[in-house]
Number of protein chains: 2
Amino acid sequence: MNHTTGAAEDYLKTIYTHTEWQSDLISPSALAVRLGVAPSSVTEMVKKLAASGLITHVPYGPLALTDAGRLRATAVVRRHRLIETWLVGEMGYDWDQVHDEAEILEHAISDRLLEAINTRLGFPAHDPHGDPIPAADGTVLRPPAVLLAEATVGHAGSVLRVSDRDPAVLRELAADLIGPGTEFTLAAALTIVLADGQSRLVTPAAAASIWVTA
Amino acid sequence: MNHTTGAAEDYLKTIYTHTEWQSDLISPSALAVRLGVAPSSVTEMVKKLAASGLITHVPYGPLALTDAGRLRATAVVRRHRLIETWLVGEMGYDWDQVHDEAEILEHAISDRLLEAINTRLGFPAHDPHGDPIPAADGTVLRPPAVLLAEATVGHAGSVLRVSDRDPAVLRELAADLIGPGTEFTLAAALTIVLADGQSRLVTPAAAASIWVTA
DNA sequence: GCCAGAATTTAGGCTCACCGAAACCCTGCT
DNA sequence: AGCAGGGTTTCGGTGAGCCTAAATTCTGGC
């Protein structure tokens, strides 16, 4: 009733992260695309997760985590993000290179090793992309944020997070020295002015990946 | 023809380590016991490994690695031992606590991360138990060694390795400050005298786990 | 040289996580 | 209201890796 294998954890994690920065529930087909599996595989796993009380699902409807499911999901996300932070902070990885490694290690590391890493890093609150690292009890501290692509011209603030979905975007932004904490003003659509007065043109893909202070 | 999953890697690793400090080939049933699986499971996997050219096996006979199999096996052993060394050297583990964690991580870590760890550690030649860490090309440097239980009284030398099979033995020896590098003289069966003149009584289990300079 | 008992293999089955194809349900458009 | 098309589920099937029970083969002791 309770074990949650690596595959199930991936489903829970993906359902969780889908609603982390926007509020619509995920559909089975969207989940299939994100996980790279066939829709029928999703149906099957959804049945198991619902039977275990980790998600709720009415046939032909969207998916939602239960409290138990959210706890399990945040535990996986916590692992993933602590590992990413560690890879960048101690192991010489760049922020566009950590995702795949963390994807695998998050299912392999013991709680003990995870806490040893957490301690070495000084209990970080965010990963290299600016995503909040859930606490061990599942608590997540997430500031209000707007997508740069949807911010109004004139908006001033700082970068909160950059989605790690597209490594090319991450490399582009790293080259432009833009990352979590960068302060800016939106001078025109896709044009930001940094604190030192330099302006940067961001691609539409980047603008759709950058979340800034509301 | 070539993938080698985690399970297959465990079979290869176990076949390899069985002949590392003694020279008789392993039998299918011994392999089953070590891996904790049924004999029939061994038969099945053996068939696959033989078909992939990683081991040789005549029906009802013992198992032996081919050159390709040995290369694959030493790669896994290399991972395992580097991870153990890292857990002890940087993550605050004791030498009796690293085995299980390494057992899992050895199948999850990427080559890149492994080399990052190797570099941080300064390219160690031995793990915390004194086992040699194979080079990336499969080369292993193993000094001639005798089991303490089989050494003649009067034998003087130093501890080369302690088998990590039995954590209780490792804890016992750690309490007695005995480990790889410890110099001693065998004063009587199960009694050793250390460099500082102190003598120690070792249990039969420990004497059967300690390998010393020949 | 034979044969009992141990080791090994075969045979048949199980679970997990996946697949493609076919059936089914729902919605939006006419 | 009816229906086409897309989303979802069902159905039958696959490969890994494991199991137990039932052959089969080998071997040591007489």
Side-chain angles (χ1 to χ4, degrees), chain A residues 1-16 18-19 24-65 69 72-73 76 100 103-104 106-108, chain B residues 1-16 18-19 24-65 69 72-73 76 100 103-104 106-108:
Chain A
M1 201 75 63
N2 229 349
H3 176 246
T4 42
T5 69
E9 289 183 348
D10 281 337
Y11 281 78
L12 293 173
K13 180 186 63 174
T14 305
I15 295 169
Y16 173 81
H18 181 266
T19 45
D24 59 318
L25 296 177
I26 194 167
S27 68
S29 58
L31 185 52
V33 170
R34 281 250 217 139
L35 290 170
V37 301
S40 56
S41 303
V42 170
T43 301
E44 206 170 296
M45 182 63 87
V46 157
K47 242 182 295 185
K48 284 184 212 164
L49 295 175
S52 304
L54 296 170
I55 67 174
T56 57
H57 177 234
V58 295
Y60 296 94
L63 311 170
L65 294 169
R72 208 71 68 90
V76 181
D100 295 352
E103 202 69 25
I104 294 173
E106 71 191 10
H107 304 299
Chain B
M1 200 75 67
N2 229 351
H3 176 245
T4 41
T5 68
E9 288 183 348
D10 281 338
Y11 281 79
L12 293 173
K13 180 186 63 172
T14 305
I15 294 169
Y16 173 80
H18 182 265
T19 45
D24 59 319
L25 297 178
I26 195 168
S27 66
S29 57
L31 185 51
V33 170
R34 279 249 219 141
L35 290 170
V37 300
S40 56
S41 302
V42 170
T43 301
E44 208 170 292
M45 181 63 86
V46 157
K47 242 183 291 185
K48 285 184 212 166
L49 295 174
S52 304
L54 297 171
I55 66 174
T56 57
H57 176 235
V58 295
Y60 297 93
L63 310 169
L65 294 169
R72 208 70 68 91
V76 180
D100 295 350
E103 202 68 24
I104 294 172
E106 71 191 9
H107 305 299

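Proteins get letters first, then strands, A, B, ... in listed order; numbering begins at 1 in each.
- Taking 4.5 Å as the limit, every side-chain heavy atom of L63(A) sits out of range of all side-chain heavy atoms of L25(A).
- Each of A8(B) and G61(A) was matched to the nucleotide of DNA chain D holding its nearest heavy atom; the match closer to the 5' end belongs to G61(A).
- Comparing dC18(D), dT8(D), dC19(D) by their nearest atom to the side chain of T43(A) picks out dT8(D).
- Computed from coordinates, the L25(A) CG to dT8(D) P distance equals 12 Å when rounded to whole Å.
- Distances shown here put every side-chain N or O of K47(A) at or beyond 4.0 Å from the OP1 or OP2 atom of dT9(D).
- Remark: S29(B) is in phosphate contact with dT8(C), judged by side-chain N or O atoms under 4.0 Å from OP1 or OP2.
- Residue V46(B) is the one, among V46(B) and Y60(A), whose nearest nucleotide of DNA chain C lies closer to the 5' end (criterion: closest heavy atom).
- With sequence neighbours excluded, the residues that form a side-chain hydrogen bond (donor to acceptor under 3.5 Å, both in side chains) with S27(A) are S29(A).
- In terms of phosphate contacts, S40(A) brings no side-chain nitrogen or oxygen within less than 4.0 Å of OP1 or OP2 of dT9(D).
- For the helix from dG1(C)-dC30(D) to dT30(C)-dA1(D), the axis fitted to the five pairs at one end and the axis fitted to the five pairs at the other end meet at an angle of 10° (nearest 10 degrees).
- The nucleotide whose nearest atom lies closest to any side-chain atom of A7(A) is, among dA17(C), dT10(C), dC19(C), dA17(C).
- Between the CZ atom of R34(A) and the P atom of dG7(D) there is a distance of 17 Å, given to the nearest Å.
- Look at Y11(A) and you'll find a side-chain N or O under 4.0 angstrom from OP1 or OP2 of dC18(C).
- Interatomic distance, H57(B) NE2 to L49(B) CG, rounded to the nearest 0.5 Å: 11.0 Å.
- Looking at L31(B) and T14(B), their side chains come closer than 4.5 Å, going by heavy atoms from C-beta outward.
- Put simply, CD on E9(A) is 15 Å from C1' on dC16(C), counting in whole angstrom units.
- Distance OH/Y11(B) to CD/E44(B): 8.0 Å, rounded to 0.5 Å.
- What separates CD1 of I55(A) from P of dT8(D) is a distance of 13 Å, to the nearest Å.
- The listed nucleotides are dC25(C), dC16(C), dC18(C); the one nearest the side chain of S41(A) is dC18(C).
- Taking every side-chain heavy atom of M45(A) into account, dC18(C) is the closest of dT20(D), dC18(C), dT9(D).
- With dC19(D), dC26(C), dC19(C) as the choices, the nucleotide that has an atom nearest any side-chain atom of V37(B) turns out to be dC19(D).
- For K48(A) and dT15(C), the shortest distance from a side-chain N or O to OP1 or OP2 is not below 4.0 Å.
- Residue L31(B) contributes atom CG, which lies 11 Å from atom P of dT9(C) at whole-angstrom precision.
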